[in-house]
2 protein chains.
Amino acid sequence: MIDRNALATVLQMGFSRATGPRNIVVETVVAWEGHFSAEELCRSIPQVGRATVYRTLVSLQEEGVICRLMIDGRAPRYLLGGTQHHHHMVCTQCGSVQDIADCGVDDFVDTVAERFGYEPDGHRLEIYGRCASCIGGERVTS
Amino acid sequence: MIDRNALATVLQMGFSRATGPRNIVVETVVAWEGHFSAEELCRSIPQVGRATVYRTLVSLQEEGVICRLMIDGRAPRYLLGGTQHHHHMVCTQCGSVQDIADCGVDDFVDTVAERFGYEPDGHRLEIYGRCASCIGGERVTS
DNA sequence: CACCATATTGAGATAATGTCTCATTAAATC
DNA sequence: GATTTAATGAGACATTATCTCAATATGGTG
């Protein structure tokens, strides 16, 4: 979880004024359980305009406070999580998302990129499947 | 490149009738150089209705004939490519896409999934950066 | 070949999501 | 409190995707 100081820092990044509406958006995002879409966020804080919500989401992505997942359908979903965590395991049944601490993907990426003369500046790894508790909950509930 | 027989097979998959419009869509997709969006495809074959184009794209994805890339903006882009190739390297400058033949990602995915008691059924790896020719073309063209 | 049953199509309505404009509001400073 | 201007937000607009249902075309049958 992001702490209050970091939050205050985030609120200032790239802006020259700290404002109420942006504060509401950031606090809501930080307090959110699990992932959310832009529209869900808008609905949950109707007192803040759509434009501001979208603008703030862009900033939060740029600052690495949240990341963007393309889970299934059309709308991207956002997840609180630092810049370093772009490896996720997504449960296709319950929608839960598990961060994967880096365990060699970065090296793999560098190796592949080098082979092709590529200069990598980012990558995304998402694993889809069913999480342990969805597998476990398979009994028929009478 | 997909051959004619495979194409004929694809055209039958999941359908009970072979039709002209669907044929046009599939042939256009197969002949496409690089990746494309659904709307680009629609524009290039205005004689086929949007609904049919979208329906056919869904079928082609299900059959593994094309895959769906989330490269940058909002609209997904499609790429001719078999079911097995979900590892791509995308040039953020020229937009070219390079398939990465599997070199261990699958094993990595299985290992991680097992650690979390996860039952994986798919994954996606996309590497973003600049390709060799974009790096090479950096000289100022007078 | 003509005919039938129905799978498939497509025009256009509708939905979902995201972007933009610009008059208004309000934060920071003096 | 007056001033400057960053930031907001209502709503128009844009883009992408889905849905409906009457019309059409396909494959099978006699």
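Labels below follow one simple rule: chain letters A, B, ... track the order of the sequence lines, proteins then strands, and each chain is numbered from 1. Below, each value reflects all heavy atoms present in this structure, side chains not excepted, and no hydrogens, waters or symmetry copies. Quantities reported herein were computed from a predicted structural model and do not represent experimental measurements.
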- Provide, to the nearest angstrom, the distance between the CG atom belonging to B:Leu57 and the P atom belonging to C:dT9. 13 Å
- Using 4.0 Å as the upper bound for N to carboxylate O, is an ion pair formed by B:Arg130 and A:Glu119? yes
- Task: In whole angstrom, give the distance that lies between atom CG of B:Asn23 and atom P of C:dT9.
- Result: 11 Å
- Message: Distance check needed: D:dA17 P versus A:Glu39 CD, whole Å only.
- Response: 16 Å
- Item | Closest listed nucleotide, where the reference is the side chain of B:Ala38 and the choices are C:dT9, D:dG9, D:dA17 | D:dA17
- Do B:Arg17 side-chain and D:dG28 base share a donor-acceptor contact under 3.5 Å? no
- Query: Donor-acceptor pair, B:Tyr118 side chain versus A:Cys91 backbone, under 3.5 Å?
  - Reply: yes
- Round to a whole Å and report the spacing from CD1 of B:Ile45 to C1' of C:dG10. 13 Å
- Note on the structure: Nearest-nucleotide check on DNA chain D, B:Ala51 vs A:Val53; residue mapping nearer the 5' end is A:Val53
- Query: Taking CZ from A:Phe36 and P from C:dG18, how many angstroms apart are they, rounded to a whole number?
  - Reply: 12 Å
- Item | First encountered from the 5' end of DNA chain D, between B:Gly20 and B:Pro76 | B:Pro76
- Query: Would a distance-only check, ignoring hydrogens and angles, find a side-chain to backbone donor-acceptor pair under 3.5 Å from B:Glu40 to B:Ser37?
  - Reply: yes
- Item | Euclidean distance, atom CZ of residue B:Arg55 to atom P of D:dC21 [Å, nearest integer] | 14 Å
- Contact class for B:Gln47 (heavy atom, under 4.0 Å): base, sugar-phosphate, or nothing? sugar-phosphate
- Are B:Thr19 and C:dT9 close enough that a side-chain N or O sits under 4.0 Å from OP1 or OP2? yes
- Task: In whole angstrom, give the distance that lies between atom CD1 of B:Ile24 and atom P of D:dA25.
- Result: 12 Å
- Query: Does B:Arg50 make a side-chain donor-acceptor contact with the base of D:dA17, cut-off 3.5 Å?
  - Reply: yes
- A:Thr52 side chain: which of D:dG9, C:dT19, C:dT9 is closest? D:dG9
- Sugar-phosphate only, base, or nothing, as touched by A:Pro46 at under 4.0 Å among non-hydrogen atoms: nothing
- Task: Using atom types as modelled and distance alone, determine if a side-chain donor or acceptor of B:Arg68 lies under 3.5 Å from a backbone N or O of B:Tyr78.
- Result: no
- Atom-to-atom span, CZ of A:Arg77 to P of C:dA16 - whole angstrom: 15 Å
- Give a yes or no answer on whether the side chain of B:Thr28 reaches the backbone of B:Ile24 with a donor-acceptor pair at less than 3.5 Å. yes
- Query: Which nucleotide, C:dT9, C:dG18, D:dT16, lies nearest any side-chain atom of A:Tyr54?
  - Reply: C:dG18
